[in-house]
Amino acid sequence: MNFNSTLTLAGLLSLFMCIAACSDDDDSGVDTIEEPTNKRTGFVSFGFTSNSRIMKYFEELPSGVVDVSDGTDFERLLLSSIVNGAILTRRPDGSPGFSKIVVNAEGEFVEEAFIPLSSGRTVISARDSLTGVFQDAATPDIIRVFNPTTFEVTGAIDMSAGALPDGITRQYESFTFRGDDVFSPFADADGAGLTEFIVHQANLSSTSFVGDTQREGNGSGSILTSNAGGIDLAGNLYIPDGGGIEPGLAARLNKVPAGSNEIDPTYIFEPAATLNPTNFFLPYFEGFKILESGQAIALVNSEVPQQALDIIEDAGGIGNITAVELLQIQGIILGAETARWCELDLEERTVTPISGIPNITPLGGGSVFEHDGDVYISVNTEAEDACYRWNPMSGTVSTAFVMTGLENPVFYNLADDF
Amino acid sequence: MRLVIRNCMFLGWMLSFPVVYSQENILDRKIDIRFENLSPKASFKKLMAEADCYINFNESLLPSERRITKNYKQTEIRTIIQEIWGSKNLEFLAIGNKITIKKSGKKNPEKEKGNLQGRLTDDNQEPLPGATIRLVGTPYGAVTGLDGRYELNNLPVGTYQVEVSSLGFEKIAKTVALSKDNLQLDFTLKASTSELEEIVVFGKTEAETISEEAITITSLDIKKFQDQAIGTEEVLKTTTGLVVRQSGGLGSPMSINLNGLSGNAVRIYYDGIPMELYGNGLQLNTIPVDALERVDVYKGVMPIDLGTDALGGGLNLVPVAQSQDYIRTSYSFGSFNTHRVTFNGLKNVSNRVSLSTISYFNYSDNDYRMRDIPNLVRQFEEERIDARRFHNQHISGFVEGKLRIKALNWADRLEFAISYAGIADEIQNAGRIVNTAIGEAEREVKVFSQRIDYRKTFFKDKLSARYFGVLSRTVDNINDSTTNLYDWRGEILNITNLGGGEFGSASLLERENVGTAHRLTLNYQLTDHIDVKISDYYRYTRQEGEDPLGERIAIDGELTDPNTFPSTFNRNILGAELNANFFDDKLNVISFVKNYFYQAESVDIFEISVDKLAFSKVQKNSNGYGLALKYQLHPNVFFRTSVEQALRLPTERELLGDLASVVPNFDLEPEESLNWNLGGQIEKRFKNDRSILVNLNGFIRNRENLIRPKQVSFDRIQFINEAEVDGKGIELALKIRLLKNLSLQGNFTAQSNEIVAGTDLGRQVPNIPLTFYNVGATYRMEDLFHPGNSLQLSWTYFFIDRFSINTVPDLDTANPDFIVPEQYVHNAGVSYTLKSQGLAFSFNLRNVFNAEIFDNFRIPRPGINYAFKINYSL
């Protein structure tokens, strides 16, 4: 055996010893880092056929015209939240409860875990990969805390001390997180009209009820939006309501100043009424989002369609319209493309339409996500279904891509949690 | 003692049903009838209509070139038939009002014919009415009249074994030599438990005849399944183009998919009356085969005197209709504690008046086992288990009494019928299987209806009129208010159902629906070859009720139950039809137009802050049309095509909303469909009763303005017109009689229902299989163990191709979680008939290999299960 051979043998033995030693370490429970097998980045389209929902995964943001119809079909699905690449949704087979759907390494959608419930219409929201909340309709007084990674229920917060109008069964409509606190407005689970906009607050660390706060001007009938609020760079919390379902009560952005737990009664910002004070029939906005830059956007209904105004005029005024005419007007308003994506100045309380993005219907707010400094907004109009790219710094707007093949398709960014 | 027994038996009959036998030989009946330059076939048709009888004959043997012009006065039917045919060289078999004609193969029959006649009495020398005389091994037979007399004429000379039987008496058989002279043969029967002999009528059945009309109809002869322990819905599954969807066991909600159309697009009628008039009290899957004569499946094109607003066709369930006295009862029991009892009968009180009844009772626990379903164990914990369905009991019953009067001066036939139907159901998860079960919710439906049916011909029978009217009252109760929540093990979960109600919002709804429907049909014979028909159908319904737990609306500051305000619905469908025959009746052409009118009125829940109720009213008027052609190329070959621009009017709920989550849409237009059928049939008969029948049919169903729900506000939907679907398919029905006792059949359907507008462009309508077929074999052994007894073995195999419950572009790339897999189901049956005793026993096995099978939206269906049935008839 020559020197080289001896050296080679020694090297091989050393390598074997290293491998053996490493193996021993593994066996003794030393932590190792596993490569994630599920996608944490990429994009997902979501849209409807007449009776089902389709999701499709895209490794990269598409361009041009993209067919989104050849994705994976689900019977029922309602995306509530995206956290760490996982999609939190109602269960896809229609069973009550929530599912965690991930995109595996092959780009396939896999139901990784689920939380079964016994009934109903509830929402789920994740603050981060370790903490989230939902409400179980069977125990409406309780907000459940869960771990979005393991999808296990980890705690319960008794909210029964919160203000509640008589005869109302609370159904929390959205959850907005501020540190360890979560704020949630509610509606009535049985669909009764609510004349108050009340927000309950809980603390996730202590799993305890904190308090409640109400909108100034309660007393008129109101509807509640399911859109969550947001926090600006100064730490102020904004929670939108939906205004009145009957004409007259404008939807408002309710501000809870930093350090406070109460809605500021002096802060009155009604984006639809601000954009067009004559929009008396449905002064509504939705899709409120505060961007990483601190800028805020929302879909704001801008006007009453002329066709509806004609009916009112023909009837001799809004006080004279009949039930059938009211029904007609409702149909016209909900179907008219009168809502505009706008930039909201939360301090100045001004509304600036983002030019270049087409108008859509008042309830047609699609998804909004950020990617590489741009904001992508999905819009669904009679003419097209498209995703528009808006650069908040330059104000430029362009069509990122057009979607075909599904009804009301929207796009999500797996890397942009909400 | 025997007299006591006999009197007791008769007393029993009289208590259950007043039976007295009065049977005339229909061939001997004398009638007045007039023919004017009619073909033999048309003459038979007229004879059947006027003599209220049914005549089986082989059309290919008819001398089609003959024209008959004659005015008969009080002439025997036998003589009329012979003269129509132009020959006395005919053999007859007459059972009740059914006559089978065979052309005798013998030459010079007059020289070889004889007559047999006589009288039957019991051992007290009392006449025995209704007794059966049969010449064993021949098609000849007769039934004694009120005086116990019988007569068999024109019998070929020879030696016969004469078999005589009557219920409650011992059967007698005697060999006699019949010469060309009259032979008097009297019998005296001794009391026993022996029962009537049933004689099989051969030839083309009524269902087969109807299936060969110009309009594409598949008529299912339900009578031949009457001995079997199966439901009507199971017979329907063996036809082409039709998928029966059930969401559970006996009595569970079901729907029919016909040539790709389902739901309200396919109308179901009971004896020509839209089934919805009976509320939910009468359902296709609660009606036993014993209650039906046949089911006529109208594929896409509906005749004006039956159709209403059926977009994709309809099913007419024809109840048993006999004119001779009979009693038939059956009892079956089977898996899942299922029991079914039927009792039907008819009694001719006189030559003009008869009474009849159809009745049934169903009971089932429907507790079949489901595999691998989700079950909530406790809050946030779910398991997969095999669970037995519970709280799924079904009880239903129906009884109808009918009085028929014939040959009045002002009515050829007049019928009055009264019926009662009831259903009591424990409600179980039906739409889809979720992780909790329903443990307490119940539903009850009671329907009371009255019906009148009048028929009369005028102007020397050139004008025939038929009117029927129905008045029904339905009371619907729903009890769904518990706050308990059940798992699939039947245990109450430690979770409170806060809102109450297990399959929706809590409800204690009681709703009354009063409806009436009327149809008048006039048919005028313009010439021997051209008929004109007009038919008008009118229906009115009024619905109101109360629900102490339901939604409330504010009226003048008061919360009011909107169910207490009535909603009404009027619809009228007027049709006109021209029916013409050309080329010696080889070409039949039917063209028709229809006008649809409806008007609806309901309280409007959108009236806000009003001092009085606001009622909304809407009315629409639409037209449809159709054409059917049939060409008889050869007595055994025909081609046909039919087309209809069909409409379906919106339902009350689609139009008026439901006072809760569905918003009215008074602008809703009817759904439209252009339905086209093209097909033909070849039938070939061979020696030794072997035959083959091939029926091939292609169809197109192009639908527009399909109604679908659309979300119009935060929590409400509205039905709108939107979708368009192009449907097409091909159906093949095969019937092969390989041997006299062995027959095979196959029904194959391949179809496509492509969405051609909107977002789903290019996709198939979901939840409908594109390919399905069934093949079956029946083997019959005659005279097994005892002369006249028979054993029948049957096997049917069903295949349903996979389909998705979602709208997907391609099944191969679709999410497998939502694909209903291929299904292979085998059913088997055996029945043994003791003809002389009027008894039949049957045993049926379904899903023989215990395959995992599904229905609509992947609802688990039962594994292997059985039913045993005993039938008894007089």
Side-chain angles (χ1 to χ4, degrees), chain A residues 47-54 69-75 91-97 109 111 114-120 136-140 144 146 152-153 169 187 189-191 223-226 242 245-246 322-328 330-331 334-335 363 404-409, chain B residues 374 376-377 379-382 431-436 485 493 495-499 505 551 604-608 610 614 616 660-661 663-667 708 711-715 718 722-723 755 758-763 765-767 804-810 813-815 817-818 857-858:
Chain A
F48 299 81
T49 69
S50 60
N51 86 327
S52 47
R53 286 82 170 130
I54 308 286
S69 67
D70 55 344
T72 305
D73 56 288
F74 298 89
E75 189 181 1
R91 295 178 70 181
D93 65 354
S95 296
F109 293 95
E111 186 185 28
F114 64 88
I115 297 172
L117 300 179
S118 58
S119 64
D136 178 5
T139 52
R144 305 284 172 177
F146 76 102
E152 289 173 343
V153 179
T169 302
D190 299 322
I223 53 172
L224 300 171
T225 175
S226 60
I245 196 165
E246 300 95 31
T322 66
V324 174
E325 287 164 344
L326 183 63
L327 183 64
Q328 283 179 303
Q330 276 192 347
L334 296 178
L363 305 183
T404 63
L406 289 179
E407 194 171 327
N408 297 328
Chain B
L376 194 67
V377 181
Q379 214 164 23
F380 316 134
E381 187 178 338
E382 188 176 289
R432 67 183 66 243
I433 299 299
V434 293
N435 58 10
T436 55
L485 205 59
L493 286 161
I495 303 171
T496 303
N497 176 9
L498 286 174
S505 301
E551 184 170 327
D604 196 315
I605 61 170
F606 284 92
E607 187 75 29
I608 297 168
V610 293
S616 294
S661 59
V663 173
N665 182 357
F666 302 131
D667 294 327
R708 76 165 181 94
Q711 206 79 29
V712 291
S713 70
F714 305 98
D715 53 359
Q718 185 178 44
E722 190 184 69
I755 301 166
T759 308
D760 297 338
L761 182 71
R763 295 168 188 241
V765 174
N767 208 22
S804 176
I805 61 176
N806 294 336
T807 42
V808 296
D810 185 352
T813 57
N815 190 342
D817 292 345
F818 302 101
F857 289 109
R858 211 167 183 167

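Side-chain atoms are counted along with the backbone in the values below, which use heavy atoms only and exclude waters and symmetry mates. Residue numbering restarts at 1 for every chain, and letters A, B, ... go by the order of the sequence lines.
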Item to check | For F48(A), all residues meeting ring-ring contact (aromatic ring centres under 6.0 Å, His included), sequence neighbours excluded | outcome: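 Once residues adjacent in sequence are excluded, the partners of F48(A) under the ring-ring contact (aromatic ring centres under 6.0 Å, His included) criterion are F46(A).
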Item to check | For T139(A), all residues meeting side-chain hydrogen bond (donor to acceptor under 3.5 Å, both in side chains), sequence neighbours excluded | outcome: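 side-chain hydrogen bond (donor to acceptor under 3.5 Å, both in side chains) list for T139(A), sorted by chain: R144(A).
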For each of [options], tally heavy-atom pairs with chain B at distances under 4.5 Å, and name the one with the top tally.
{"options": "E152(A), R91(A), E111(A)", "value": "R91(A)"}
{"options": "T169(A), D93(A), T404(A), N408(A)", "value": "D93(A)"}
{"options": "P92(A), P116(A), G405(A), G335(A)", "value": "P116(A)"}

Item to check | Atom pair CG (N815(B)) and CZ (R53(A)), whose distance is rounded to the nearest 0.5 Å | outcome: 14.0 Å
Which atoms of [X] are under 4.5 Å from chain A, going by heavy atoms: the side chain, the backbone, both sets, or neither?
{"X": "D817(B)", "value": "neither"}
{"X": "F380(B)", "value": "both"}
{"X": "T436(B)", "value": "side chain"}

Please name the pair of heavy atoms, one in [X] and one in [Y], separated by the smallest distance, quoted to 0.1 Å.
{"X": "F109(A)", "Y": "T72(A)", "value": "CD1-OG1, 3.6 Å"}
{"X": "T49(A)", "Y": "I54(A)", "value": "CG2-CG1, 3.8 Å"}
{"X": "L485(B)", "Y": "I495(B)", "value": "CB-O, 3.6 Å"}

Checklist outcome for this item: If one checks every heavy atom of I115(A) against chain B at 4.5 Å, the contacting part turns out to be side chain
Item to check | Residue part contacting chain B, namely of D136(A), when any heavy atom lies under 4.5 Å | outcome: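 Only the side chain of D136(A) comes within 4.5 Å of chain B.
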Next on the checklist: Side chains of N806(B) and S804(B): any donor to acceptor distance under 3.5 Å?
Outcome noted: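 Side-chain D/A pair, S804(B) to N806(B): absent.
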Checklist entry - Under a 4.5 Å heavy-atom cutoff, which of N435(B), V434(B), L761(B) has the most pairs with chain A? => result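 Most heavy-atom pairs under 4.5 Å with chain A: N435(B).
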